[in-house]
Amino acid sequence: MTERIWLKSYPPGVPSDIDTSQYTSLVDLVEESFRKNAKKVAYSFMGKDITYAQTDSLSQAFAAYLQSLGLVKGDRVAIMMLNMPQYPVAVAGILRAGMVVVNVNPLYTPRELEHQLKDSGAKAIVVIETFATTLEKCIAATPVKHVVLCAMGDQLGLLKGSLVNYVVRNVKKMVPAYNLPNAVRFNAAIAMGTKAPFKKQTTRADDVAVLQYTGGTTGVSKGAVLLHRNVIANVLQSEAWNEPVMKKVPANEQPTSVCAIPLYHIFAFTVGMMLSMRTGGKMILIANPRDIPGVLKELAKHKIHSFPAVNTLFNGLANHPDFSKVDWSHLKVSVGGGSAVQSSVAKLWFEKTGCPICEGYGLSETSPSASCNVVTATAYTGTIGVPLPSTYMKLLDDDGKEVPPGQSGEIAIKGPQVMAGYWQRPDETAKVMTTDGYFKTGDVGMVDDKGFFRIVDRKKDMILVSGFNVFPTELEDVVAQIPGVLECACVGVPDAKSGEAVKLVIVKKDPNLSEADVRAFCKDNLTGYKQPKVIEFRADLPKTPVGKILRRELRVK
C-alpha cells in the first residue's frame with residue numbers, strides 16, 4: 001500500500017516521517033542523555049533512586065571491564081536478568097564497548113538457554129544468581145567464557161542491599177545452589193572496570209546493537225538482528241507518537257514510566273528503557289509484575305505518566321482491591337502490546353483511570369512497534385491502530401500479491417525499524433522478507449478505509465470448523481465480556497464430525513459462573529460454528545513470562 005491512507009487519521013502535530021539521522025548509534029543517544037540529564041533520576045528500584053550520572057559512570061566502568069577481558073567490538077554479551085538497575089547499566093556498557101546485547105529470558109530451561117548462547121556465539125553473560133543454576137547446567141556446551149553474577153540488592157547500598165540479598169537467599173530461598181567457580185560479582189566487575197582504561201569505540205548506524213530472539217512459536221528460536229538504526233528509529237517513532245499527550249506533562253514534572261514488562265522483551269527494551277533514556281524520564285523498575293499487591297504498593301509512591309503493559313497485567317491490576325490506592329490522575333498514556341487487548345479490560349481501565357489503553361502492534365523483528373492506536377482517542381477500537389511515522393503496511397495473499405480492499409491477508413511491514421534479518425539464517429530471512437523490503441508477519445489482518453488495521457489472527461492459530469475459518473481472538477474478546485470471566489483462551493481440538501472444534505478455557509472471576517451461563521452468552525453473540533464445543537474451567541492459564549497466553553499448551557492438555 002504505497003498510498004498511506006492512514007496519515008489522515010494522525011493527530012495534529014504527529015509527523016508522517018521521522019528523521020533517523022540525528023544519532024549515528026544508540027551510544028550517541030545514551031551518552032547525550034547522560035550529559036543532559038545527569039542530576040535527574042534514571043531508575044527507581046525498591047525505594048532506591050539511581051541518577052543518570054550514576055548510570056553513566058557505572059556503564060562506562062562495565063564497558064571498560066568487558067574490554068579488559070579481551071572482548072572486542074562485535075562480540076556478543078548475553079543478559080539474563082529481572083528488571084533491576086544492573087540491566088540498563090549492562091546494556092549501556094555493552095553498547096559503549098562496541099559489543100552486541102543478547103537479551104535472554106531468565107526463565108529459560110537449560111536446553112533453551114544452551115540453544116540461544118550457542119546460536120548467538122555469546123562469549124560473556126550477565127546473570128542474576130537466582131537463575132545461575134540454569135547456566136551451570138549448560139555452560140560447558142556454550143562459547144561463554146566469562147560470567148558476571150548479579151544479586152537483587154547489588155545497587156541498593158551496603159545495608160539495604162545486604163538485607164535484600166539475605167532475604168532473597170535465606171528467607172525466600174530463591175537462589176538454588178549453583179557452581180560457577182570463575183564467575184565475577186557485578187560490583188567487583190564495576191570496581192575492576194573503574195581502574196581499567198576505557199577505549200571509546202566508533203559505532204555506526206549499521207552495526208548490530210541487539211540480537212532479539214523470537215519466542216520460537218514457529219519452530220526453533222531465531223535471533224532477529226536489530227541494528228543501531230532500527231532501535232533508534234523505533235524510539236523516535238514512539239516518542240513522536242506519544243507526543244500529543246506527553247506534552248501535557250507539566251514542565252516541572254519528570255516524565256515517569258512503569259517498567260513492569262521484562263526488559264529482555266523488546267517492547268520493554270525499546271518503548272520502556274530506550275524511550276525513557278531519550279526523553280530524560282524516570283523509569284520505575286518492577287522485578288516481579290506477578291506480585292500485583294507489590295506492584296500497586298510501589299506505584300503508590302510515584303506520579304505516573306506512561307504505562308506500557310500487556311492485557312493480563314492491565315486486567316490483574318484493575319481488578320485488584322488496592323487499585324484505588326494509586327493516584328492514576330497523572331497518567332497520560334497506557335500502551336497495550338505483546339498480545340491483543342480485550343475490550344472488557346480496556347473499558348474497565350478507562351473507567352478506573354480516565355486514561356485509555358492505546359493498543360499497539362509489533363514484533364521482535366520490528367524493534368518492536370509497527371502500528372498503534374491514536375493516543376488522543378478515548379474509544380476502544382479493537383484494532384491495532386495505524387502504522388507509525390515512516391512505516392508502511394500492506395496485506396498479502398498466499399502468493400505474495402496485495403489483496404484488494406475489504407479482504408484479509410498477511411500483514412507485511414516496511415520501515416526503518418524492520419530488522420536486518422535473522423542471525424546467520426539467510427534461508428529463514430528469505431522466507432519472511434519480500435523483494436521490495438517488506439517483512440511478512442505471519443499475522444492475518446484487515447484494513448479499513450481510514451487505514452486502521454485489525455488482526456484477524458495468526459495463520460497457525462486459525463480453527464477450521466467444517467470448512468469455516470474461526471479466529472480465536474474474536475471468540476476470546478466476546479467471552480471476556482461475560483461479567484464472571486477473569487481470563488479466557490480458545491483453541492482448536494480434533495473433532496470426528498467437523499474436523500476441528502472450538503475448545504474454550506476459562507478462569508472465573510465469579511465462582512458461581514456456570515457452563516450453562518457461558519453457553520447461553522455464546523449462543524447470543526456467536527454464530528453456530530464459532531460456539532465452543534468444549535468448555536473447561538481452570539485456576540489459571542499457561543503464559544509466557546511476559547503474560548502472553550500460550551494457546552499451544554492448551555491444545556495438548
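By convention here, the first residue in the shown sequence is residue 1. Note: hydrogens, waters and symmetry copies are ignored here, and every other heavy atom, side chains too, is used.
- Residues His305 and Met246 have side chains in contact (heavy-atom distance under 4.5 Å, counting atoms from C-beta outward).
- Side chain of Thr429 to main chain of Tyr422: a donor-acceptor pair is present (N/O by atom type, distance under 3.5 Å, no hydrogens or angles).
- Counting heavy atoms from C-beta on, the side chains of Met277 and Val91 never come closer than 4.5 Å.
- Residues passing the side-chain contact (heavy atoms from CB on, under 4.5 Å) test with Ile292, sequence neighbours excluded: Leu296, Leu313, Leu317, His320.
- A donor-acceptor pair under 3.5 Å is absent between the side-chain atoms of Asp207 and the main chain of Thr203, judged by distance alone.
- Between Trp423 and Val102, every side-chain heavy-atom pair lies at or beyond the 4.5 Å cut-off.
- For the pair Ser221 (side chain) and Thr214 (backbone), a donor-acceptor distance under 3.5 Å is present.
- Under a 3.5 Å cut-off, the side chain of Glu410 and the backbone N or O of Leu396 do not form any donor-acceptor pair.
- Scored by the side-chain contact (heavy atoms from CB on, under 4.5 Å) test, Val518 finds Ile482, Leu504, Ile506, Leu513, Cys522, Ile535, Phe537 as partners (sequence neighbours excluded).
- Between Val77 and Val101, every side-chain heavy-atom pair lies at or beyond the 4.5 Å cut-off.
- One distance of note links OG of Ser238 with CG of Leu388; it measures 6.0 Å at 0.5 Å rounding.
- Salt-bridge formation is not detected for the pair Lys332/Glu253: no Lys NZ or Arg NE/NH1/NH2 atom is positioned less than 4.0 Å from an Asp or Glu carboxylate oxygen.
- Checked by atom type, the side-chain pair Asn311/Asn315 shows no donor-acceptor distance below 3.5 Å.
- Side chain of Asn83 to backbone of Leu263: a donor-acceptor contact under 3.5 angstrom is found.
- Put simply, CD1 on Ile455 and CD on Glu474 are 14.0 Å apart, with the number rounded to the nearest 0.5 Å.
- In terms of heavy-atom proximity, Ser120 sits nearest to Leu211 at CB-CD1, 3.9 Å.
- Contact record, Pro88 with Tyr43: CB-OH, 3.3 Å, taken as the closest heavy-atom pair.
- Within 6.0 Å of atom CG in Asp427, more than 12 heavy atoms from other residues, nucleotides or ligands are found, so the atom counts as buried in its surroundings.
- Taken from CD1 in Ile413 to NZ in Lys440, the straight-line distance is 13.0 Å, to the nearest 0.5 Å.
- Between the side chain of Asn234 and the backbone N or O of Val231 there is no donor-acceptor pair closer than 3.5 Å.
- Few gaps surround NZ on Lys8; more than 12 heavy atoms of other groups in view lie less than 6.0 Å from it.
- How far CZ of Arg278 is from CG of Leu29: 6.5 Å, rounded to the nearest 0.5 Å.
- With sequence neighbours excluded, the residues forming a side chain to side chain donor-acceptor pair (under 3.5 Å) with Asp75 are Lys123, listed by chain and number.
- In this structure, Ser408 contributes its side chain and Val444 its backbone to no donor-acceptor pair below 3.5 Å.
- Closest approach of Thr270 to Pro368, counting heavy atoms only: CB-CD, 3.8 Å.
- Shown here is Lys450, whose NZ atom has no more than 12 heavy atoms of other residues, nucleotides or ligands within 6.0 Å.
- No hydrogens or angles considered: nothing links the side chains of Glu359 and Tyr380 as a donor-acceptor pair under 3.5 Å.
- Taking the side chain as every heavy atom from C-beta outward, Met433 and Phe439 approach each other to under 4.5 Å.
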Go through it in stages, so that I can follow the logic: the residues are Arg76 and Asp119, the test is salt bridge (charged side-chain N to carboxylate O under 4.0 Å, His left out), and I'd like the CA-CA distance, side-chain angles, deciding distance and then a yes or no. CA-CA 11 Å; Arg76 275 78 61 207; Asp119 190 78; over 6 Å; no

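- Not a single side chain to side chain donor-acceptor pair (under 3.5 Å) links Thr366 to another residue, sequence neighbours left out.
- Listed by first then second residue, pairs satisfying ring pair (Phe, Tyr, Trp, His ring centres under 6.0 Å) with a partner in residues 7-28 read Tyr10-Trp241, not counting sequence neighbours.
- For the pair Asn230 (side chain) and Val418 (backbone), a donor-acceptor distance under 3.5 Å is present.
- In this structure, Glu112 and Asn105 have side chains that are not in contact, with every pair of non-hydrogen atoms separated by 4.5 Å or more.
- Relative orientation of the Trp328 and Phe307 rings is parallel, given thresholds of 30° and 60° on the angle between their planes.
- For the pair Lys543 and Glu487, the minimum side-chain heavy-atom distance is below 4.5 Å.
- Gln407 places no side-chain N or O within donor-acceptor distance of the main-chain N or O of Pro404, the cut-off being under 3.5 Å.
- Without hydrogens or angle criteria, Thr391 side chain to Pro389 main chain gives a donor-acceptor distance under 3.5 Å.
- Of all non-hydrogen atoms in Ala309 and Ile261, the two that sit nearest each other are CA-CD1, 3.6 Å.
- No side-chain heavy atom of Val258 sits less than 4.5 Å from a side-chain heavy atom of His302.
- Enclosure of atom NZ in Lys347 is not indicated, since only 12 or fewer non-hydrogen atoms of other residues, nucleotides or ligands lie within 6.0 angstrom.
- Counting only residues at least two apart or on different chains, no ring pair (Phe, Tyr, Trp, His ring centres under 6.0 Å) pair has a member in residues 256-285.
- Nearest heavy atom pair, residue Ala480 against residue Cys488, reads N-SG, 4.0 Å.
- In this structure, Gly451 and Pro387 approach most closely via the heavy-atom pair O-CD, 3.8 Å.
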